[in-house]
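In what follows, chains carry the letters A, B, and so on, assigned in the order in which the sequence lines appear, proteins first and then strands, with residues in each chain numbered from 1.
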Amino acid sequence: MVKLQSDFYLDEDVTKIARLLLGKNLMVRCGNQVSGGTIVETEAYSGAVDKASHAYKNKLTERTRIMFETGGRAYVYLCYGIHHLFNVVTNKEGFPDAVLIRALQPLDPPVTSNHSYRNKTGEQVPLTNGPGKLSKALGIDLKHNGMDLRGENIWIEDTGHPVSKNNIVYSKRIGVDYAGDDAKLDWRFYLKDNQWISKK
DNA sequence: GGAATGATTCTCT
DNA sequence: GAGAATCATTCCG
């Protein structure tokens, strides 16, 4: 496995990176334990032109500052006072783009037992099929905000198995209906027929 | 300092 | 399908 290098994150087309992240592995170290999964669902947010983005119109605040930095870092924030949402910062310094990771597929064999479990009927129940849930499963919280994705605590690695274009589904983003016309953009990407995506 | 709010999820109907 | 939980961040005064 090879960690993704900085060139990957610097592309100016955030939707392209959102598509390329599908099939890659997101890994998090918690103490001596490493957990993670394969990315199967993402959403793109482009600050300068996207009403749904926290950095819309290049709005620079204490929180969004991390999005303006050079691609390749983690942007984590608390939503609804309950859920931590994990994003990958992309593009060059000064361009506030990010990709929200919405769902992971547990590794096989699983590296930890936190990502899914089998209920009494033997059915596999995922704990990583949603942006809030996967952060909880991996132990991601505000302390990861701003971390370099090539470090030892959190990183993304190439599995060597690129996803073919035919297996990527495009759709409207979720939970951003307030963003007017930008809510209609097909900036959500997920793997076709994958059972681990968040919904719909 | 204080009020408003959301890139969600769970529970109950 | 509707409503609650719950708090860091933002905006206003």
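In this structure, A:N194 and A:Q105 have side chains that are in contact, with non-hydrogen atoms separated by less than 4.5 Å.
In this structure, B:dA7 makes no Watson-Crick or G-U wobble pair, since no nucleotide meets both defining distances under 3.5 angstrom. When Watson-Crick and G-U wobble pairs are counted only if both distances are under 3.5 Å, C:dG1 pairs with B:dC12.
Heavy-atom neighbours of A:K143 NZ from other residues, nucleotides or ligands within 6.0 Å: above the threshold of 12.
At whole-Å resolution of the value, CD in A:E41 and P in B:dA7 are 16 Å apart. Atoms NE2 (A:H84) and P (B:dT8) sit 15 Å apart, rounded to a whole Å. When the C1' atom of B:dT8 is taken as reference, atom CZ of A:F86 falls 17 Å away, rounded to whole Å. Note: CD1 (A:I174) to C1' (B:dA7) measures 10 Å, nearest angstrom.
Of the two residues near DNA chain C, A:Y77 and A:H83, the one whose nearest nucleotide lies more 5' is A:H83.
In this structure, A:H54 reaches the B:dA7 phosphate: one of its side-chain N or O atoms is under 4.0 Å from OP1 or OP2. Between A:K172 and the phosphate of B:dA7, there is no side-chain N or O to OP1/OP2 separation shorter than 4.0 Å. Close to B:dT9, at under 4.0 Å from its OP1 or OP2, lies no side-chain N or O of A:Y80. Taking only side-chain nitrogens and oxygens, A:R102 never comes nearer than 4.0 Å to OP1 or OP2 of B:dA7.
Hydrophobic clustering places A:F86 together with A:L104 (ILVMFWY residues linked when any side-chain heavy atoms are closer than 4.5 Å, directly or through intermediates).
Base contact: A:G81 has a heavy atom under 4.0 Å from a base atom. In this structure, A:K59 reaches the sugar-phosphate backbone alone: every heavy-atom distance under 4.0 Å involves primed, P, OP1 or OP2 atoms, never a base.
Counted by atom type alone, A:N25 and A:T38 present one or more donor-acceptor pairs between their side chains at under 3.5 Å.
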